[in-house]
Amino acid sequence: MNFALEARGIKKYFGPVKANDDLDLRLQRATVHAVVGENGAGKSTLMKILYGIYQPDSGEIFVNGEPVTIGSPDVAHRLGIGMVHQHFTLVGPLSVTENVILGVEPCTRGLIDYKFAEQQVREVSNRYNLTLEPTDIVESLPVGLQQRVEIIKVLFREARIIILDEPTAALTPAETSDLFRIIRDLVADGRSVVFITHKLNEVMEIADDITVIRDGRSVGSLTKDAATEKELARLMVGRDVMFSISKPEVTAGEVVLNVDNLTSESVSGDQRIENVSFSIRAGEIFGVVGVAGNGQDALEEAVTGLRRATQGRIELMGKDITGLSTAQIRAMGVAHIPANRTATGLVMDFPLSDNGLLGHQYRSIFRNGPFINRKAVNEWINRLIKDFNIKAPSLNAPAFTLSGGNQQKLILAREMVHEPRLLLAVQPTRGVDIASIEMIHKALIEARSRGVAILLISNELDEILSLSDRIAVVYSGRIAGIGDPASFTVEEIGLMMAGAGKEVV
Amino acid sequence: MKSGMKQDSAFRAMVAPLLSVVGAFLVGTVIIGLLGEDPLVAYAALINGALGDVQALANTLQKATPYIFGGLAVMIASKCGMFNIGVEGQMYVGAMAAAWAGFTLTYLGRGAHIIAALLIAGIAGGIWSFVPAILKVRFGVNEVIGTLMLNYIAYSLTGYLTVYVFKEPGVMPQTVKIADTAALSLLVPPSRLNTGFLISIALVAVTYVLVYRTLWGYNLRTTGANPAAARYSGVNVSFMRISALLVSGVLAGLMGAERSLGVYSRFISSFSPGYGFTSIAVSLLGRDNPFGILIAAIFFGILEAGGPAMSIATEVPRELLSILQAIIIIFVASGAYISKMLSDRRVSV
């Protein structure tokens with residue numbers, strides 16, 4: 001029996017790093033094959049090899065049983081392999097049709113035949129029920145629909161094998177279930193799908209076969225019926241994983257953060273927050289969830305003094321901090337794990353020692369007058385590295401040499417160690433491995449037990465629900481619902497995230 | 001692995017400039033060969049002319065001095081993520097201000113007079129960089145445009161002041177001579193190498209400490225490497241940018257003062273063969289490191305001081321050295337690009 005796509009013994013080294021080290025993948029025709037693994041396990045490298053972006057150092061690839069060399073994405077297209085990237089490759093100001101035909105424009109006498117192209121796009125859209133209008137401008141579409149444009153692009157190039165790289169990362173629960181319906185339609189049509197993810201519940205829902213990757217090797221190849229989430233997690237991490245988080249009872253103390261009718265300015269046209277009110281007590285985790293781009297950035301920046309409030313008040317321990325500088329707010333005991341660790345939380349070219357100091361450089365213990373007290377800083381950072389089990393070659397190693405999980409642990413350590421009154425944790429586990437997720441969640445729970453007030457902003461609904469004492473759902477810069485997480489069903493939260501919920505208080 | 005990382009990166013920082021210099025000299029060898037001259041003879045004359053005896057060496061260091069000041073000035077702005085291409089203009093106003101103090105504040109004693117003249121030159125250079133700094137921070141005017149435009153104003157303004165206000169009688173477009181009390185002493189006369197060189201050496205150490213050992217320097221480097229991270233950590237990014245350009249301008253002003261008070265004993269209109277612009281290359285070759293800049297500046301001094309000797313000993317025109325400077329700059333710039341490409345590739349694993 002031959003497979004739609006088969007990869008045998010794929011090896012790809014980047015210097016000393018073994019990104020792929022003897023990987024196998026067998027994709028049966030007209031099935032969904034999930035490739036799961038933690039960040040850095042080698043999933044993306046494998047997919048880039050299958051799509052012709054990288055060449056393997058050794059190993060063989062077969063398409064429909066024929067040995068092939070995929071020298072470039074063009075070759076991949078000719079072999080019927082298409083890829084939907086995690087970060088879309090769309091041109092925002094162009095229409096759906098223009099995006100779809102980009103690079104394969106149907107021409108008559110040197111002119112693009114838009115009529116024909118639009119007709120084709122409409123046909124594909126109707127066949128798979130994608131509900132896309134060929135003339136719509138792509139940047140005006142929600143993320144879920146933009147993803148469908150990517151899917152049409154792939155179908156337009158007549159792909160029989162479709163690789164979806166972390167396709168649900170930016171989708172709402174409703175959009176995700178729509179995507180799954182589309183995937184099933186594609187498979188029913190005889191196409192084969194490779195579905196890359198690290199979300200195990202999705203694997204169990206959509207996959208027929210599963211390949212688990214760890215440290216560049218395939219460590220398990222099983223059918224869905226033979227798999228359980230627990231087993232998959234064990235294979236991914238290489239040991240048993242705790243799924244439930246035990247939260248000790250904590251009596252919430254005094255109000256630490258009080259946000260009253262806050263409206264922020266909008267920075268370069270992004271979503272501002274409007275008339276937002278909530279408060280967080282000591283020993284309480286307040287979770288804010290929503291689809292990315294619904295005011296989370298504005299909230300994060302307003303509370304930390306990075307963005308001006310145009311209306312309303314922010315109080316910390318009863319003191320008005322509206323309009324104070326970031327340095328002043330930090331000095332009052334606010335710690336901040338930012339949404340984007342590489343763009344904001346770290347200076348990637350700086351050594352660990354300088355990154356550990358970030359945000360604490362004004363503290364008198366790290367200074368001798370105008371000079372930085374290197375000895376005190378290095379001692380402190382060595383302690384962080386030890387206490388938080390950060391794997392780093394040395395204090396002088398630049399931040400970019402650390403894995404995502406260790407980068408995040410460094411930020412967490414740096415922000416937690418000075419016992420803040422308020423901890424702002426934004427997407428604290430985005431793009432980190434399961435072991436680090438466990439560790440970060442544990443650290444947040446421990447901080448809660450010590451009486452830290454925590455504002456947790458995350459796009460991961462599971463994370464919000466398992467950690468938070470109270471939650472708020474944001475939509476379009478406003479709070480669409482606020483209260484005890486147990487008082488909502490997941491469906492209700494999903495509806496509120498999509499803007500369809502009614503105000504519940 | 002423990003300290004290997006640091007050595008590795010320090011080593012790699014050295015490799016590109018060294019390879020660039022070697023590569024440039026190889027190209028120079030080919031050119032000299034094509035001119036029908038013996039490259040070894042030409043280079044020997046160059047080295048001998050630059051380092052052959054005490055006077056030659058002093059002359060080399062004298063020629064290197066403005067590049068030390070200028071390279072440091074470019075470096076400070078660059079560490080903050082900005083490109084100060086107005087060092088030339090800031091140097092001109094500094095040179096004029098120093099000369100003015102030199103021939104005006106004659107009632108001061110020797111020490112006080114020199115210090116006052118240097119101070120005034122630094123302030124003048126600082127004012128000249130403060131204007132584009134404010135334009136950038138308040139109105140979003142790119143500092144490249146702002147600093148460049150002020151070069152033309154500086155050039156014309158000092159020219160005007162020379163010819164119409166402070167002119168020495170005669171045909172030369174130069175001001176009257178400064179008082180002896182304001183002159184920087186010569187170290188090995190008759191060479192014009194003066195105590196300004198020692199000041200520049202001291203500033204190498206001072207700027208190193210400032211950039212790598214102080215809170216201001218930490219905030220400066222953070223702002224330059226990642227302004228978003230700087231803001232997140234509580235740094236006032238606007239303040240850092242203004243103060244960085246200010247310090248940069250002060251250094252450029254001192255650069256001008258060294259020429260007026262130490263070399264010419266007056267201000268000479270359009271005295272500079274492009275010191276401020278070549279300083280950008282020096283800073284690039286020195287990898288934005290104060291000690292690297294010191295070495296790069298002396299290297300440029302060698303090329304300039306040895307050039308005449310080379311063109312006397314052989315038929316090779318001294319313009320070849322300008323070509324070598326340009327080739328070095330191209331190599332260093334592309335070397336930085338290539339090593340960045342390599343390290344990006346490494347990260348994207």
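Predicted model, so just to flag it, every value in this text is computed and none were measured. So you know, we letter chains A, B, ... as the sequences are listed, proteins then strands, and number each from 1.
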Parallel, tilted or perpendicular: ring planes of A:F350 versus B:Y218, cut at 30 and 60 degrees: tilted
message: Determine whether a donor-acceptor pair (N or O, by modelled atom type, separation under 3.5 Å) exists between the side chain of A:T326 and the backbone of A:T304.
response: yes
field: Heavy-atom neighbours of A:R367 CZ exceed 12 at 6.0 Å
entry: yes
message: Restricting to non-hydrogen atoms, name the atom on A:I49 and the atom on A:I10 that form the minimum distance, rounded to 0.1 Å.
response: CD1-CG2, 3.6 Å
query: Do side-chain atoms of A:R307 reach the backbone of A:E265 as a donor and acceptor pair under 3.5 angstrom?
result: yes
- line: Okay, A:E300 and chain B: the region with an atom under 4.5 Å from a heavy atom over there is neither
message: Which atoms of A:R414 are under 4.5 Å from chain B, going by heavy atoms: the side chain, the backbone, both sets, or neither?
response: side chain
field: Segment of A:L358 engaging chain B (4.5 angstrom heavy-atom cut-off)
entry: both
- request: Could you look at B:V209 and say if it's the side chain, the backbone, both or neither that has a heavy atom under 4.5 Å from chain A?
  value: side chain
field: chain B contact via A:T344 - which portion, at a heavy-atom distance below 4.5 Å
entry: both
message: If I measure from the heavy atoms of chain B, does A:I329 come under 4.5 Å with its side chain, its backbone, both, or neither?
response: neither
field: Option in B:V235, B:N236, B:T214, B:L210 with maximal non-hydrogen atom pairs under 4.5 Å from chain A
entry: B:T214
- prompt: If you look at every heavy atom in B:K79 and B:D288, which pair is closest and at what distance?
  reply: CE-O, 3.2 Å
- line: Applying a strict 4.5 Å limit to non-hydrogen atoms, the region of A:D354 in contact with chain B is both
